[in-house]
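A short write-up of the structure that comes next.
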There are 2 protein chains.
Amino acid sequence: MKIGDKREKIIHSAIYIFAEKGFHEAKISEIAENAGVADGTIYLYFKNKTDILLAIFEEEVAKIITKINQRLITADDPLEKLRIFVKLYFNMLMNNKDLALLLQTELRRGNEYIKEYYEHKFSEYLKIIFDFITEGQNKKIFREDLNPDFVASAIYGAIDEVSRLVFFSPDKKYNFNLIIDQLNDLFIKGLVKKSD
Amino acid sequence: MKIGDKREKIIHSAIYIFAEKGFHEAKISEIAENAGVADGTIYLYFKNKTDILLAIFEEEVAKIITKINQRLITADDPLEKLRIFVKLYFNMLMNNKDLALLLQTELRRGNEYIKEYYEHKFSEYLKIIFDFITEGQNKKIFREDLNPDFVASAIYGAIDEVSRLVFFSPDKKYNFNLIIDQLNDLFIKGLVKKSD
DNA sequence: AATTAAAATGAATTATTATTCATTATTCTA
DNA sequence: TAGAATAATGAATAATAATTCATTTTAATT
């Protein structure tokens, strides 16, 4: 086994077990078993249980933010940026269910260690949206009367909750592209029927 | 002290402590101390720690749903129902910060005991929105191409996340009525500037 | 192949807290 | 008001699970 592989394995087992049971109900011994290592081995790679959670946030969230930002700089129309963001972010959630559930539950906790992280890193997420909203307002494409902070939170929260609808309706077969289009449509055009 | 008062006191202390620390970090002894009773007393009113959490969900969420439904039947325009819902629900979150934080964190957990509750009771929330959305579509007020399930989740998630923005920006003084108006505006008219 | 160094193990330890229950206080009843 | 019944207490118990570390295994070096 390559160096570094073991750490990766532990991280991925932890994402899975944390998502499955929640941080506190997840036992180190379960993570170790799932990763195929001994309990003690985990402590060679991580200071303690919390340290695993923080490593997941630090590393995995950073990957996502980087990926989204890289894609967004290829567009310059704010409307297109919104569409790209919704598509990328929603698809990312769908393709990383365990990580998504973990972020959605544990990132919300009030724990001191997480709170610090939350306030710092989570705002980067919102900043991505905030930026193309204000850009759109400056370019007179988006309405200027809406506070971009509220809009950023609203869009983020909406995507998040719709992803949970999908996760918790395992019986239903959803068309992800349809969901993405409809979310964009709702944000862009609103609910009300156009009088044409 | 009146009969029943003690149970109420424990419930309210639990809401406070659970919201502050999270369910698992909250100690029975802390809840007892805050409520001004002995640790053992809590077990005269509740089977165990989880039972307190479930009681909070059962009782407090039921109150909210009842209140919203009672108010909604006084309106018949779906657009007005949307406005009423957003206003009532957002204000409820603002006026019950501890309960709001508790619902937002613990209701998302994957625990078996909560999952059962979540799937049953949480859907009642979404059903409220779902109903006036479909009503609006049937009356040709709302666009019919949007899946009302997605819209319900999106609206719920948006309000929830904006409430967290407010909770976690204690320095900023937000005008709640402005937020409510802007949320409604976003849902109803969308982001894009009207070409007039 | 022998020696040293690094990595991994998992049983034992430790710390934490939910829960119990023998005891005490309070309230009710006749 | 005495005696029974009910409610409350909180120190002791029990259960759980994170963490440690003496020992073993594997890898690297000469």
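To find a chain, count down the sequence lines: A is the first, B the second, and so on, and within it residues start at 1.
Residues meeting the side-chain contact (heavy atoms from CB on, under 4.5 Å) test with A:Tyr174, sequence neighbours left out: A:Leu165, A:Val166, A:Ser169, A:Lys172, A:Phe176, A:Ile179, B:Phe150. Taking A:Asp98 as the reference, nothing meets the salt bridge (charged side-chain N to carboxylate O under 4.0 Å, His left out) condition, with sequence neighbours excluded.
Residues B:Phe187 and B:Phe85 keep their aromatic ring centres 6.0 Å or farther apart.
Between the OH atom of B:Tyr45 and the C1' atom of C:dT19 there is a distance of 18 Å, given to the nearest Å. B:Phe46 places its CZ atom 15 Å from the P atom of C:dA18, with the value rounded to the nearest Å. If you take NE2 of B:His24 and P of D:dA15, they are 19 Å apart, rounded to a whole angstrom. Rounded to whole Å, atom P of D:dG10 lies 11 Å from atom CD of B:Glu33. Between the P atom of D:dC21 and the CD1 atom of A:Ile42 lies a distance of 18 Å, rounded to the nearest Å. Counting to the nearest Å, the C1' atom of D:dA18 and the NZ atom of A:Lys47 are 15 Å from each other.
Side chain of A:Lys6, nearest nucleotide from D:dT19, D:dA8, C:dA8: C:dA8. When distances run from any side-chain atom of B:Tyr43 to the nucleotides C:dT9, D:dT20, C:dT20, the shortest one goes to C:dT20.
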Using the 3.5 Å cut-off, write out each protein N or O paired with an N or O of nucleotides 11-17 of chain C and the distance between them.
none

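For the salt bridge (charged side-chain N to carboxylate O under 4.0 Å, His left out) condition, the pairs that include at least one residue of residues 66-93 of chain B, sequence neighbours left out, are B:Lys81-B:Glu135. The ring-ring contact (aromatic ring centres under 6.0 Å, His included) analysis of residues 62-83 of chain B, with sequence neighbours excluded, yields no pairs. Among pairs with a residue in residues 45-63 of chain A, those fulfilling salt bridge (charged side-chain N to carboxylate O under 4.0 Å, His left out) read A:Arg7-A:Glu59, A:Glu60-A:Lys63, at least two apart in sequence or across chains.
The nearest heavy atom of DNA chain D to A:Thr41 and to A:Ser29 marks one nucleotide each, and the one closer to the 5' end goes with A:Ser29.
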